Amino acid sequence: QVQLVESGGGLVQAGDSLRLSCAASGRTFSSFAMGWFRQGPGKEREFVAAINWNSANTYYADSVKGRFTISRDNAENTVYLRVNSLKPQDTAVYFCAAKVGPVISSSPAQYNYWGRGTQVTVSS
């Protein structure tokens, strides 16, 4: 089992930045690929970014490429999502997820463990 707890969300203005964190406990954190997803009001959950176990590979949704950066610290059992130049359309609950195995994925179905999310609200 892996427990994931997100933090760092909040109410910000367009153009602001945030750093979201996801703290993991339980099984060996470095054995998981990690991903960030988001779900906006009335929308389905969508992929945001993913990172493999040693940070050698990252992958981003086109909508956030160049603005968001995923990173991880295996010594701290934490994955981060730096979100810059926020837009109102970035408003969503942001979830982190852990996937067993070395290959990163943009498919929510591939992830085994999920946090409860942190709310990001961007005002115009």
Side-chain angles (χ1 to χ4, degrees):
Q1 278 283 43
V2 173
Q3 292 77 43
L4 303 172
V5 180
E6 302 94 335
S7 62
L11 172 62
V12 297
Q13 294 186 334
D16 285 351
S17 299
L18 287 171
R19 188 178 78 160
L20 308 183
S21 300
C22 172
S25 60
R27 289 177 57 182
T28 305
F29 178 69
S30 60
S31 66
F32 293 96
M34 299 296 296
W36 283 96
F37 294 79
R38 66 185 182 185
Q39 187 164 14
K43 298 181 180 180
E44 293 187 355
R45 191 168 299 189
E46 65 172 354
F47 169 74
V48 174
I51 189 168
N52 79 322
W53 72 276
N54 66 354
S55 305
N57 294 317
T58 58
Y59 181 58
Y60 296 92
D62 288 343
S63 58
V64 307
K65 200 173 296 183
R67 298 190 299 124
F68 291 12
T69 303
I70 189 170
S71 61
R72 67 189 294 164
D73 184 337
N74 288 344
E76 296 293 329
N77 290 350
T78 303
V79 62
Y80 302 98
L81 186 69
R82 177 72 179 180
V83 296
N84 294 329
S85 304
L86 282 162
K87 306 175 182 180
Q89 52 264 45
D90 294 318
T91 294
V93 178
Y94 284 71
F95 300 89
C96 74
K99 174 187 174 294
V100 175
V103 179
I104 58 177
S105 173
S106 62
S107 171
Q110 297 293 318
Y111 287 78
N112 305 95
Y113 304 99
W114 291 83
R116 294 189 175 185
T118 184
Q119 176 72 48
V120 173
T121 303
V122 185
S123 64
S124 57

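Just so we're clear, the structure is a prediction, and the values are computed from it rather than from any experiment.
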Heavy-atom pair of closest approach, residues [X] and [Y]:
X	Y	result
F29	D73	CE2-O, 4.0 Å
L18	G10	CD1-N, 4.2 Å
A49	L81	CB-CD1, 4.2 Å
A50	S105	CB-O, 3.9 Å
M34	L4	CE-CD2, 4.1 Å
S17	N84	OG-OD1, 2.9 Å

I'd like to know if the side chain of [X] reaches the main chain of [Y], judged simply by a donor and an acceptor atom lying under 3.5 Å from each other, with no hydrogens or angles considered.
X	Y	value
Y60	I70	yes
E6	C96	yes
R82	T69	no
S123	V12	yes
N52	N57	yes
D16	L86	no

Is there a path from [X] to [Y] through hydrophobic residues (I, L, V, M, F, W, Y) whose side chains come within less than 4.5 Å of each other?
X	Y	answer
L20	L11	no
Y94	I104	no
V48	V120	yes
W36	V2	yes

From [atom1] ([X]) to [atom2] ([Y]), nearest 0.5 Å:
X	Y	atom1	atom2	answer
Y111	S106	OH	OG	7.5 Å
F32	R72	CZ	CZ	9.5 Å
S124	Q13	OG	CD	9.5 Å

Close side-chain approach of [X] and [Y], heavy atoms under 4.5 Å:
X	Y	result
S63	R38	yes
V83	D90	no
S7	T118	no

(request) Please determine if R19 forms a cation-pi arrangement with Y80, meaning its NZ or CZ atom is less than 6.0 Å from the six-membered ring centre and no more than 45° off the ring axis. (result)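 Pair R19/Y80 counts as cation-pi.
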(request) May I ask you to decide if the ring planes of F37 and W114 are parallel, tilted or perpendicular, using 30° and 60° as cut-offs? (result)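 F37 vs W114 ring planes: tilted.
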(message) Are there over 12 heavy-atom neighbours, none belonging to Y113, within less than 6.0 Å of that residue's OH?
(response)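 Above 12, so yes.
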(message) Between K65 and D62 (salt bridge meaning N to carboxylate O under 4.0 Å), is one present in this structure?
(response)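 Counted as a salt bridge, because a side-chain N and a carboxylate O are separated by less than 4.0 Å.
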